[in-house]
Amino acid sequence: MWPGVCRPAAAASTTPMRWSQLFIPTLRDAPADAEVVSHKLLLRAGYVRQLAAGFYCYLYLAKRSINKIEAIIREEMNAIGAQEIFLPEVHPAEIWQESGRWDAIGDDMFRFKDRFGRDLCLGMTEEEVVTWLARGEMRSYKQLPQIWYQIQAKFRDEPRPKSGLMRVRRFTMKDSYSFDIDAAGLDVSYNKHYDAYCRIFSRCGLEYLAIEAHSGAMGGSESHEFVVPSDAGEDRVVECAASGYAANLEKAVAQAPAPTEPDPEGDAAPAELATPNQKTIAEVAAFDGLPETHHIKTLVLVADGQPVMALLRGDRQLNETKLASLLGANEIRPAHPEELRQWLGADAGSLGPVGAPKSMRIVADTALEGRKNLVAGANKTGFHLRNVTPGRDFAAEFVDIREVEEGDLDIESGQPVRLRKCIEVGHIFKLGYKYSQSMDLRVSGDEGKEVTPIMGSYGIGVERILTAAIEQNHDEAGMAMPAAIAPFEVVVTPINWKTDEQREAAETLYASLLEAGVDALLDDRAERAGVKFNDADLAGIPFRVVVGKKVTEGLVELAVRSTRQSSDVKIEEVVGLLREKLAAAKA
RNA sequence: CGGGGCGUGGCGCAGUCUGGUAGCGCGCCUGCUUUGGGAGCAGGAAGCCGGGGGUUCGAAUCCCUCCGCCCCGACCA
């Protein structure tokens, strides 16, 4: 009854790696609700199943792949002297209240109460916990620097989970935290992470970019994101091949092309122009016959309760992130129509800086600096003003608040930049003193005085590496996983399991692969060849050794998943050849 | 949270408009044949049609309501 019992004894020790015994539920058709490639393939290849929106079960293949990713991360983290720890995923509200994030974060945090009514949350990240830990135990500058890391589940109550494992509510993160005595020390810890991250993503077989990033709600100064270019990504990255500049669109800077025509000459005072029902820049430009670049786009926003006027050249878009960081605002929203009428006496579409209340802060994009005789709203519904000259007719702070667009010119090289969608796989932050200060972490310094350590925090999304690897390596047949993170390195596929020579040769070959340290799988199913080939291709196993008729001549076939090339190889040479190919693929 | 779509065996879908007690393909199980890219034949198992309420002699189908999932947007370390 038990198949294993009547099999040759040699096979008994490795039973779990026989395909016939594994639970790999491959699907011929992709479930209808999967949209992006990696999501479809993860489902079809039997890697994952969804439990609920944003919550996934990782089946055997996914788990093996994730284990390999984690092993690479551990090796590289250990190599920079980071110490692995493991923290609770449930946190008491108190520590988050101390840092101020209990209130700052909002609905993204899963919160609940225990039986006694105490407030708890599921960890989204663990700055508070490590700071609490350090505060209790760290006494002296002599104990610094420290780098602690863990690989742990993280929870975020995403408003819209999507795209398979790309944006989920429970995921695995490698998060690390550094404590240093001063900024120079933080630079060292930060750079160690930067280098380790480069090695990790390379070893995982990803084509990635390290880009300048916005530090967002994390606080802190410098920040880099590690991203993988892919259309399935959600981050937009500005890149200049000539200079090597790369930055998240949220903070990217570039030079906007010059206005399409020179500014009109003359120094006439602003003059009213009736523009009935002409609201958008495009409408007004069509109406007055001037190019969009000769118009001032006026946006009124409310930043943490304070009204702010943002001015842009007509053809440009506001970058809210830039504006928010300039203002130091947590929350920014467009002003309501009633507010506009109250503050400026006009409706959206006719707003402008001339005659705006003195109390209103006005921020103008640098692309408006030095311009003259432009068109702006008159703060009178249905009217605009001609001959508006910044500096003369209104005062403003000139700051770069515009969003970079494809084709804008790189600051350094002057070459056009390009915009690419990317998947964020890692992010590193110089936190500064945000947590050590708010949570009273101090150690004694070398002169006996207390010193506040400076911190950094560093994250890697483990499942995002898997997702990005699939997005970057697939074809019609399925995944073509990088060897370093594929669930198995090699699959041995006998064409006809009932043929004694093929079965025995496959068993022997499989055993010697295992002995040689190759992570191999034996496809011992009584399926037809096509089924086995298709499943192996779907699952993305990098190398396949086919044991067919030619085995009687001492030949097997070696197929490479990524190139879909195959060739006959002498059976006694396969193991050595595979070891070479694997070493090369994982280098 | 706004807009759109979908919920019928494991997967993909039809049936809903026009009410009559559920069907197709793939997969699964058994047997025989077959065996180098998702085999053929024969037989078989499997669905309270997302939940609740209502209308009706009768509801997958009509009405009300709730829930879930996907997509676009908002949001997002």
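Side chains included, hydrogens not; waters and symmetry mates left out as well; all remaining heavy atoms used.
- A:Glu225 has its CD atom 12 Å from the C1' atom of B:rC76, to the nearest Å.
- In this structure, A:Glu331 places its CD atom 9 Å from P of B:rC76, rounding to the nearest Å.
- Between the side chain of A:Ser178 and the backbone N or O of A:Gly456 there is at least one donor-acceptor pair closer than 3.5 Å.
- Remark: the backbone N or O of A:Asn248 is not paired with any side-chain donor or acceptor of A:Arg236 at under 3.5 angstrom.
- Between the A:Ser163 side chain and the A:Val36 main chain, no donor and acceptor come within less than 3.5 Å of each other.
- Other residues, nucleotides and ligands place more than 12 heavy atoms under 6.0 Å from the CD atom of A:Glu573.
- Between the base of B:rG37 and the side chain of A:Arg544 there is a donor-acceptor pair shorter than 3.5 Å.
- For the pair A:Asp523 CG and B:rG38 C1', the interatomic distance rounds to 13 Å; values are reported in whole Å.
- Map A:Leu51 and A:Met124 each onto its nearest nucleotide of RNA chain B; the residue landing nearer the 5' end is A:Leu51.
- Between the side chain of A:Tyr47 and the main chain of A:Ala539, a donor-acceptor pair closer than 3.5 Å is present.
- The pair A:Lys154-A:Glu89 does not meet the salt-bridge criterion, since no charged nitrogen lies less than 4.0 angstrom from a carboxylate oxygen.
- Both distances falling under 3.5 Å, in either a Watson-Crick or a G-U wobble arrangement, occur for no nucleotide opposite B:rC75.
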Under-3.5 Å N/O pairs linking protein and nucleotides 72-75 of chain B:
{"unit_1": "B:rC72", "atom_1": "OP2", "unit_2": "A:Arg160", "atom_2": "NH1", "d": "3.1"}
{"unit_1": "B:rC72", "atom_1": "OP2", "unit_2": "A:Arg160", "atom_2": "NH2", "d": "2.6"}

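- Rounded to an integer number of Å, the gap from A:Leu59 CG to B:rG10 C1' is 13 Å.
- Separating the CD atom of A:Gln50 from the C1' atom of B:rG10 is a distance of 16 Å, rounded to the nearest angstrom.
- Shown here, B:rU30 forms a base pair with B:rA42; the pair counts as Watson-Crick or G-U wobble because both key distances fall under 3.5 Å.
- For the pair A:Arg564 CZ and B:rG37 C1', the computed distance is 9 Å after rounding to whole Å.
- The aromatic rings of A:Trp96 and A:His91 lie parallel to each other, their planes meeting at an angle below 30°, with 60° marking the opposite boundary.
- Using the six-membered ring where Trp is involved, A:Phe226 and A:Tyr208 have ring planes that are tilted, between 30° and 60° apart.
- B:rG23 is paired with B:rC13 under the Watson-Crick or G-U wobble criterion, all donor-acceptor distances under 3.5 Å.
- For the pair A:Arg44 CZ and B:rG27 C1', the interatomic distance rounds to 13 Å; values are reported in whole Å.
- Atom CD of A:Glu234 is separated from atom P of B:rC76 by 13 Å (rounded to the nearest Å).
- To the nearest whole angstrom, the two P atoms, one in B:rG23 and one in B:rA46, are 13 Å apart.
- The environment of A:Trp102 atom CH2 is dense: over 12 non-hydrogen atoms of other residues, nucleotides or ligands sit within 6.0 angstrom.
- One finds a salt bridge joining A:Arg169 and A:Asp157 here, because a Lys/Arg side-chain nitrogen approaches an Asp/Glu carboxylate oxygen to under 4.0 Å.
- Using cut-offs of 30° and 60° for the angle between ring planes, the A:Tyr190 and A:His224 rings count as tilted.
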N/O to N/O distances under 3.5 Å, protein versus nucleotides 13-15 of chain B:
none

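- A donor N or O paired with an acceptor N or O is not found under 3.5 Å between the base of B:rG27 and the side-chain atoms of A:Asp29.
- Along RNA chain B, the nucleotide closest to A:Val36 and the one closest to A:Lys532 are compared, and the more 5′ of them pairs with A:Lys532.
- In this structure, the side chain of A:Gln150 does not engage the main chain of A:Asp175 through any donor-acceptor pair within 3.5 Å.
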Collect all protein-nucleotide pairs involving nucleotides 28-35 of chain B in which both atoms are nitrogen or oxygen and the distance is under 3.5 Å.
{"unit_1": "B:rU34", "atom_1": "O2", "unit_2": "A:Arg528", "atom_2": "NH1", "d": "2.7"}

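- Taking a pair to require two hydrogen-bonding distances under 3.5 Å in either a Watson-Crick or a G-U wobble arrangement, B:rG68 pairs with B:rC6.
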